[in-house]
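Here the structure is laid out as structure tokens; the discussion comes afterwards.
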Amino acid sequence: MHPTTRLNSRAIALGCAISAAAALAHAQPAPAPAAEPAGEPPATAPSEPAATPEPSSSPAAPTPAPLPPPYRAPAYSAPPPGWAPAPVLPPAPTGRSARIGHAHADRVVLLPTAYTHPEGTLYFSSSEIVLLQAGYAVSDTTQITLTGVPPIAEGPDTLYFFDLSLKSAFLRQGPLRLAGIGSVTGLFGVEDANLVLGRVGGVAELCFDRRCESSASLSSHMLLAGPATFMVNGVGAIWRLSDGAALLLEVDTAVPLGGEVGEFSGIVVAPGFRFPYRTWSLDLAAVRPLDTEEEPEIAFLPWISFTYRFLP
């Protein structure tokens with residue numbers, strides 16, 4: 001081997017050994033520090049004063065509005081001497097009362113309905129001028145009526161007639177009304193004899209509206225005259241057209257219940273027109289007899305009835 005080459009190889013091997021020794025020296029752990037004496041506390045760094053925060057640059061929050069003061073009622077002051085509160089008046093009526101109805105609400109044409117006048121009502125009627133009637137409502141459900149014919153002639157053939165009746169309504173439920181009727185009828189001057197007859201009956205009325213201004217009635221009466229006993233039945237209707245007009249229709253039948261008066265029977269039809277008002281009413285009707293042995297000379301008999309009443 002050449003001498004120069006041999007020197008280079010040794011130099012390279014020596015450099016490698018030195019590098020390995022240095023690496024081992026760096027890999028060993030450093031020696032632990034010496035322990036301090038046990039009697040002395042560890043030294044602490046002097047504390048620094050806390051830093052004062054810098055003022056914020058954001059805008060301040062708005063101040064809330066103050067609350068309003070609590071409500072206090074004003075002090076009461078006594079009214080001046082002689083002062084008095086104004087009287088409280090009842091409300092004005094807005095229309096016809098269902099209870100008051102009209103002056104002819106207690107009958108159709110000839111036969112009654114189940115209606116009775118308001119308590120304290122005084123009423124007067126005239127039918128065909130000569131048939132007069134006066135009545136008084138004792139209560140809202142009971143009325144008394146006196147009917148009669150004044151003497152219009154003098155002599156032995158003068159006839160006096162009167163009828164005292166009592167009507168009492170005992171049921172008013174919804175559209176249905178029921179009433180009972182009892183009366184005493186007297187005839188004086190009939191062939192020098194006086195007759196006093198009794199009559200009992202009842203009537204049912206069905207209302208077609210809340211005020212019962214339009215209705216249908218069914219009535220039945222028994223005329224007690226000993227052996228001469230009659231049953232008079234009738235059906236009638238009232239149809240209100242407007243505030244001042246109504247139509248009437250009535251059909252009546254008379255049926256004898258004894259042989260002594262078997263020939264006295266018949267049917268009567270009575271259509272009519274009514275002017276119904278709160279304090280007065282006027283009926284114009286035409287009465288037509290049917291089922292008679294002979295044709296009547298007059299086809300229709302006029303019927304005029306007027307009533308005026310004094311409400312409480």
Side-chain angles (χ1 to χ4, degrees), residues 100-139 142-169 179-190 193-201 203 217 219 221 223-225 230 232 234 236 238 246 248 250 252 254 268 270-287 289 298 300-312:
I100 291 178
H102 53 84
H104 273 177
D106 61 341
R107 63 176 177 267
V108 185
V109 178
L110 302 174
L111 294 180
T113 65
Y115 174 87
T116 56
H117 293 279
E119 180 180 359
T121 302
L122 180 65
Y123 53 94
F124 299 94
S125 300
S126 175
S127 300
E128 295 297 284
I129 302 176
V130 297
L131 187 62
L132 305 180
Q133 188 178 81
Y136 180 76
V138 181
S139 67
T142 304
Q143 66 183 33
I144 301 175
T145 305
L146 176 63
T147 306
V149 176
I152 58 177
E154 296 182 359
D157 296 332
T158 302
L159 180 65
Y160 300 93
F161 163 80
F162 79 90
D163 182 88
L164 181 63
S165 65
L166 175 69
K167 180 198 289 188
S168 180
I181 301 174
S183 66
V184 176
T185 303
L187 293 175
F188 300 95
V190 181
N194 299 327
L195 298 177
V196 178
L197 310 176
R199 179 166 54 92
V200 294
V203 56
S217 300
S219 60
H221 298 80
L223 182 62
L224 308 176
F230 286 90
V232 180
I238 303 172
L248 308 175
E250 181 176 302
D252 305 326
V268 172
F273 189 84
R274 172 172 292 174
F275 300 93
Y277 291 96
R278 183 171 178 268
T279 57
W280 66 272
S281 289
L282 175 65
D283 289 354
L284 302 177
V287 180
I298 302 177
F300 288 92
L301 300 176
W303 179 265
I304 303 174
S305 179
F306 177 80
T307 295
Y308 189 88
R309 65 179 181 175
F310 299 90
L311 293 168

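- Rounded to the nearest 0.5 angstrom, T145 OG1 and Y136 OH are separated by 13.0 Å.
- Side-chain contact check for H221 versus P112: some heavy-atom pair is nearer than 4.5 Å.
- Without hydrogens or angle criteria, R274 side chain to V108 main chain gives a donor-acceptor distance under 3.5 Å.
- Scanning for side-chain hydrogen bond (donor to acceptor under 3.5 Å, both in side chains) contacts around S183 gives R199, with sequence neighbours left out.
- Judged by distance alone, the side chain of T147 and the main-chain N or O of L131 form no donor-acceptor pair under 3.5 Å.
- Shown here are the side chain to side chain contact (heavy atoms under 4.5 Å, CB included) partners of L110, two or more places apart in sequence or in another chain: E250, D252, W303.
- Side-chain contact between I304 and L282 is present, with at least one heavy-atom pair separated by less than 4.5 Å.
- Considering only residues two or more places apart in sequence or on other chains, F300 meets the ring pair (Phe, Tyr, Trp, His ring centres under 6.0 Å) condition with none of them.
- Side-chain contact between S305 and Q133 is absent, with no heavy atoms from C-beta onward closer than 4.5 Å.
- Between Y115 and R309 the shortest heavy-atom distance is OH-NH1, 3.7 Å.
- With sequence neighbours left out, L166 forms a side chain to side chain contact (heavy atoms under 4.5 Å, CB included) with T142, I144.
- You'll find the side chain of L132 stays beyond 4.5 Å of the side chain of F124, heavy atoms only.
- For the pair L223/L197, a side-chain contact is recorded, criterion being any heavy-atom separation below 4.5 Å from C-beta on.
- Scanning for side-chain hydrogen bond (donor to acceptor under 3.5 Å, both in side chains) contacts around T121 gives an empty result, with sequence neighbours left out.
- With values rounded to the nearest 0.5 angstrom, R107 atom CZ is found 4.5 Å from S125 atom OG.
- Annotation: side chain of F161 is in contact with side chain of D163 (closest heavy-atom distance under 4.5 Å).
- Listed by chain and number, the residues in a ring pair (Phe, Tyr, Trp, His ring centres under 6.0 Å) with F310 are Y308 (sequence neighbours excluded).
- Distance check: L311 CG to Y123 OH gives 12.0 Å after rounding to the nearest 0.5 Å.
- Applying the side chain to side chain contact (heavy atoms under 4.5 Å, CB included) criterion to S281, with sequence neighbours excluded, gives H102, A103, H104, P276.
- The nearest pair of heavy atoms linking A105 to T113 is O-OG1, 2.6 Å.
- Residues satisfying the side-chain hydrogen bond (donor to acceptor under 3.5 Å, both in side chains) criterion with D106, sequence neighbours excluded, are H117.
- A search for side chain to side chain contact (heavy atoms under 4.5 Å, CB included) contacts involving P302 returns nothing, not counting sequence neighbours.
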